[in-house]
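Below: one structure, written as structure tokens.
To find a chain, count down the sequence lines: A is the first, B the second, and so on, and within it residues start at 1.
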Amino acid sequence: MAYHHQKSLLDTLYCSEEHWIGEGEFDQAEEEYGNSNSNSSSTLVNNSPESSPHLLLESDMFWDEQELASLLEKEQHNPLSTCCLQSNPALEGARIEAVEWILKVNAHYSFSALTAVLAVNYFDRFLFSFRFQNDIKPWMTRLAAVACLSLAAKVDETHVPFLIDLQQVEESRYLFEAKTIKKMEILILSTLGWKMNPPTSLSFLDYFTRRLGLKDHLFWEFLTKSEGVLLSLIGDSRFMSYLPSVLATATMMQVLKSVEPSLEAEYKSQLFGILRIDKEKVNSCCKLMLELWSEFEGKQCMKRKFGIGWIPGSPNGVMDVSFSCDSSSNDSWVSSSPEPLSKKSRSEK
Amino acid sequence: MLTLREKYYDFDQISSKVFKCRRDDQFFTMKIVSILNEENQANNGVPYWIIREISILKELDHINIVRLIDVMTDGPDLFLVFEYLDNEFQADFLKNPKMFMYPQMKKEFLYQILNTVAYLHARKILLRDLRPENILVNVRTQVLKIALFGAARTFEAPLEAYSSSVGCLSYRSPEVLFQFGCEKYSTPNDVWAVGCIFGEMLLHRPLFSGPSDVELLDEIFTLLGTPTEETWPGVTSICGTCALMGPPQQPKDLAKEFPMLNPDGLDLLSKMLCLCPNYRISAEDAVKHPYFKGV
């Protein structure tokens, strides 16, 4: 065997896959499978002010220009910004169904908002890389949705349910074997070039909140509402044409109206100063948000007093929960999500 | 799309799962990882640490990080193609006797480690398992490379609760050992590990080596003193009655413990080994510290 003298170096560098992380590197496996509480949860996001300790480390609030530059550079390679589904109702329908399923399961397991956003991002990038519009079968999109959510949970969560449990949140026509999902995971990973940490709207929101210096209660309220808004829009394919930075800015502007109306103008000018972003695109995105909201304005609102115990799977249903119909003005059109019936503790990551 | 054998050739086995190979007169190191075998079936799909390590490495382009060039799949196997490091690169860099020949060399390598950690933190990546075994050095060219990102993960603020059982025990920060603030920890955890490596460079032995959390904390407090509300706000409310705190101890004089360090070096070491994560120096600020003047 050649290169014996290199063995010690390579054993360190490329440890065997049985101990991929290196023996003794973890006292216990960080990820736990199949231990997630399977009770239904009522929240789409689980870092609400009620469930999150009001503990912000200074390191949480750190920001630098390099981080923003890195995010902006990465989002320029966003393959979804040119996508349009309006011309393909079959594909759009398949996407709506997949996103609905992802959001429902995400809520059921109390996964974070980032997990849902990543799962949908993977799904969209995978879907559009294949362009199999003419031969779309429901089982294909469901299998892709299961694999995308599984991958997103592995990237962002610690406690990930078994693949079989991930599919049993609701009665389903399809139940895929673990090995089938695993093969689909590999296909998705290869297709996406293993780029599983794309810049998302949440990445920009995270940066903005630190950059604007939002503190404590305001910080939590802002993040929770922003996540709720983003998750309510995610099922509508029209928002795919906006870059994450644009969507994040539009979301932030709308949420600021609700959370801190007195500082809205000041924060707005700061935001545009930080990003030097195309105001037209942001305004167009805001307009679309308001249009979407008004589409549901006439529908019966799911109010806190009804004690809704789950987040409806459809984007429309999510919208009803995320947006309040009580407000007469569009200036404060974002409300808190309903109080969960049962709170689940956050998994360790 | 090119197959593995079409893209790479002249395979030369180095160990059971590692090969040296070529493409266009360039050498690479290829590592084979089986992900569809029966043993891994219980891992519930592709194991999370493989996804995290590869996806993080795919994003990085830094002279001090071992570069992942390509990932290919072939049946049940993944083929990871890394930059080729010749045999001048030595693993577990603190075990290399040449490391200690020149004091300036230690400073140079410490600077490279901190610079890399700052680069990662700016990209919202926590290393979480930085230790000498994961660092390779070429003493002749004085280039250092960090390898193994299996424990690394991306993060957003506000931090969620991450696993507190991550990383090699000797390099774990007090906040992780304490599980301070519901396992919320962040970039200061990596800076603590660099501080431990700095101390180890100077003493030629691990700075802390307790076999358990409690004994390790005792060693830390013996050197740096028991934290108080003044030195670590909030610590007593978390661990005031906790057995982990032990009897109160006064900090030792670092100048006596590290007589080889000049005042700038002592200042940097004390800032990296600050017990309170909020007061600990950031990697970005550490790189700009006067200790590195002239590096």
CG on Leu189(A) to CD1 on Ile51(B), rounded to 0.5 Å: 5.5 Å

Output the option from Thr73(B), Val71(B), Ile56(B) having the highest count of non-hydrogen pairs under 4.5 Å with chain A. Val71(B)

Atom pair CG (Leu118(A)) and OG1 (Thr154(B)), whose distance is rounded to the nearest 0.5 Å: 7.5 Å

Sub-4.5 Å side-chain heavy-atom contact between Asn197(A) and Lys124(B): no

Trp194(A) and side chain to side chain contact (heavy atoms under 4.5 Å, CB included): which single residue from Leu68(B), Ile50(B), Leu57(B) fits? Ile50(B)

With rounding to the nearest 0.5 Å, note down the distance linking CZ in Arg52(B) to CE in Met196(A). 12.5 Å

Under 3.5 Å, is there a donor-acceptor pair between the side chain of Glu185(A) and the main chain of Gly45(B)? no

Residues forming a side-chain hydrogen bond (donor to acceptor under 3.5 Å, both in side chains) with Tyr171(B), sequence neighbours excluded: Glu200(B)

Does any heavy atom of chain B fall under 4.5 Å from the side chain of Leu163(A), the backbone, both, or neither of them? both

Sequence neighbours excluded, which residues qualify as side-chain hydrogen bond (donor to acceptor under 3.5 Å, both in side chains) partners of Lys7(B)? Asp70(B)

Looking at NZ of Lys58(B) and CG of Leu192(A), how far apart are the two atoms once the value is rounded to the nearest 0.5 Å? 11.0 Å

